[in-house]
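Since we're looking at a predicted model, the values are computed, not measured.
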Amino acid sequence: MTEADVFEWDVADPLAGARESFSLPDDVIYLDGNSLGAMPRAAASRVQEVVEREWGHDLIRSWNDNHWFELPYRIGDKIAGLIGADTGEVVVTDCVSINLYKLVSAALKLRPGRSKLVTEAGNFPTDLYILEGIQSSRAQPLEVNAVADRDQIISAIDEQTAVVLLTDVHYKTGHLLDMAAITTRAHDVGALVIWDLCHSAGALPVDLNAIGADFAVGCGYKYLNGGPGAPSFVFAAKRHLPDARQPLSGWWGHQSPFVFSDEFEPADGIGRMMSGTQGVIGLACAEVGVDISLRFGMTAIRDKSVRMTDLFIQLFDEHLAEYGFQLVSPRDSQHRGSQVAFTHAEGYAIMQALIARGVIGDFRAPDILRFGFAPLYLRYADVWQAIMTLAEIMKTGSWDCDEFKVVNAVT
């Protein structure tokens, strides 16, 4: 593989025009879209419009005149098209942690008499922390079985299992679970499944209804490019909506919030998954990123993602094999999300040196260098240059200095 070969790939790339939709510094190769997506160019003008005209001029009339009230549903229906859901099954609201609390609580109520919850050890911490909080606050005992080996997840799901909570793409390794097989196993024994799509939504095709998924949650600030702290989304299959009751029964989840009744009556549809008043500025910004993904489509995005991550691993093998790195992501793209991760004993310092040279990935303790690939704005030439820059850092040993070993608050 040569630099000329990579250049030809960019020339022929059907997604080449998507990069123009994003604002990226000229001197940066951004391989951290799996943590925070790049800013869509239209986001700044959209937020300015919301702040200056809709809020500044139209004021409270905007809930009706500018359709603020419908934003969570409108964007939810758009995201539904990216994750294999139907209209009315997705709403954009709150953050992932809060939505996990809602969904786990609702799912447990749908399976009374069962006392076991299956998840994965080493899953993203907020998933585990939320389960710990639910477990400690319940009057009845709840066994949380955090499976250490992904190959043992299916066998851990049995007739005592009420809920299975899993992330389809592992946040550290990028390993992709077989969502269909796990969902089928759970349903065979009468359990429900909640899928955390934070590292897949917007990066690879997900078809929730095709696999019979029950519930799902995901974030808007990674591959959906909704901005830092962008609101999360909730999916609930229509068959569960009449009976699903989440515990944070705020007024926006009411059937008729502006009747101002003292008694709570949950909304008939997906609106029952909301709680309090929604953040309009964040929602408006998030919609811009979702619209870009819809415009280019998940099939093209996934095809380029696979080709980019395959190329990254190939070039890593060719230029960095001698420096003590170990690949922890699957080599087979069918089992890999849109990221590649390596371990190294000096991983933190190496990543800081790489960032200082304008190639931005991230570090996950204790020793993982993680690289995310967002096909909408990355070029194959970026992959080539990232590897060449890392190879130079390792060859010269420039990572081995005190400034790169000072651990920042955010890694």
Side-chain angles (χ1 to χ4, degrees), residues 37 40 43 46 50 62-64 66-103 106-107 168 194-211 213-227 229-242 244-246 248-255 257 266-295 297-298:
R46 177 63 183 128
V50 172
S62 285
W63 288 108
N64 293 313
N66 292 304
H67 309 290
W68 284 0
F69 190 76
E70 292 83 18
L71 266 176
Y73 302 100
R74 185 174 80 212
I75 305 172
D77 285 342
K78 290 181 177 182
I79 291 175
L82 300 173
I83 61 174
D86 289 338
T87 298
E89 289 185 318
V90 181
V91 69
V92 179
T93 180
D94 297 322
C95 67
V96 171
S97 298
I98 290 173
N99 286 331
L100 280 171
Y101 181 84
K102 296 175 188 174
L103 289 182
D168 60 332
I194 302 169
W195 286 105
D196 180 338
L197 306 178
C198 285
H199 289 85
S200 57
L204 61 147
V206 176
D207 201 341
L208 292 176
N209 281 333
I211 65 170
D214 300 298
F215 301 100
V217 64
C219 69
Y221 51 82
K222 299 182 189 293
Y223 295 109
L224 293 178
N225 305 298
S232 168
F233 64 84
V234 173
F235 160 84
K238 285 182 179 178
R239 65 184 180 277
H240 292 310
L241 283 173
R245 293 290 298 265
Q246 59 99 349
L248 302 180
S249 48
W251 78 300
W252 269 58
H254 194 280
Q255 173 67 25
D268 288 336
I270 191 64
R272 64 176 52 202
M273 291 299 168
M274 289 195 286
S275 295
T277 307
Q278 304 302 298
V280 171
I281 296 173
L283 284 166
C285 190
E287 188 172 23
V288 177
V290 171
D291 284 343
I292 297 173
S293 293
L294 284 170
R295 189 158 72 245
M298 291 312 307

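With a 4.5 Å cut-off on side-chain heavy atoms, L241 and I270 count as touching. Side chains of P72 and L283 form a contact here, defined as non-hydrogen atoms less than 4.5 Å apart. Proximity of L103 to Q246: side-chain heavy atoms (C-beta onward) are nowhere separated by under 4.5 Å. Residues W195 and I211 meet the side-chain proximity criterion, which asks for heavy atoms closer than 4.5 Å. Annotation: side chain of P257 is not in contact with side chain of W252 (no heavy-atom distance under 4.5 Å). Side-chain atoms of V280 and W63, non-hydrogen and from C-beta on, do get closer than 4.5 Å to each other. Contact annotation: the side chain of N99 never approaches that of F233 to less than 4.5 Å [non-hydrogen atoms, C-beta and beyond]. For the pair D214 and R239, the minimum side-chain heavy-atom distance is below 4.5 Å.
Smallest separation of non-hydrogen atoms from K222 and C198: CD-O, 3.2 Å. Between G282 and P231, the closest heavy-atom pair is O-CD, 3.8 Å. The minimum heavy-atom distance between L224 and A201, with the atom names listed, is CG-O, 3.9 Å. The two atoms that bring S200 and V206 nearest to each other are OG-CG2, 3.9 Å, heavy atoms only. Considering all non-hydrogen atoms of both residues, N225 and G37 come closest at OD1-CA, 3.2 Å. When every heavy atom of Y223 is checked against every heavy atom of H199, the shortest pair comes out as CE1-O, 3.7 Å.
Note that CG of L248 is 11.0 Å distant from CE of M273, once rounded to the nearest 0.5 Å. Interatomic distance, NZ of K102 versus CZ of R245, reported as 14.0 Å (0.5 Å rounding). Note: W251 CH2 to M274 CE = 10.5 Å, rounded to the nearest 0.5 Å. To the nearest 0.5 Å, the span separating CD1 on I75 from OG1 on T93 amounts to 11.0 Å. Put simply, CZ on R272 and OG on S249 are 11.5 Å apart, with the number rounded to the nearest 0.5 Å.
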- prompt: Taking it one step at a time, do L197 and D168 satisfy side-chain contact (heavy atoms from CB on, under 4.5 Å)?
  reply: CA-CA 6 Å; L197 306 178; D168 60 332; 3.9 Å; yes
- request: Go through the steps for V234 and F215 under the test side-chain contact (heavy atoms from CB on, under 4.5 Å), then give the verdict.
  value: CA-CA 8 Å; V234 173; F215 301 100; 6.0 Å; no
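Checked by atom type and distance alone, the side chain of S232 pairs as donor or acceptor with a backbone atom of G218 at under 3.5 Å. Without hydrogens or angle criteria, N64 side chain to S62 main chain gives no donor-acceptor distance under 3.5 Å.
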Under 3.5 Å, side-chain donor or acceptor atoms of residues 82-91 against the rest of the protein: list the pairs with distances, not counting sequence neighbours.
residue	atom	partner	partner atom	Å
E89	OE1	D86	N	2.7
E89	OE1	N209	ND2	2.9
E89	OE2	K238	N	3.0

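Taking a cutoff of 4.0 Å between a charged side-chain nitrogen and a carboxylate oxygen, E287 and R46 do not qualify as a salt bridge.
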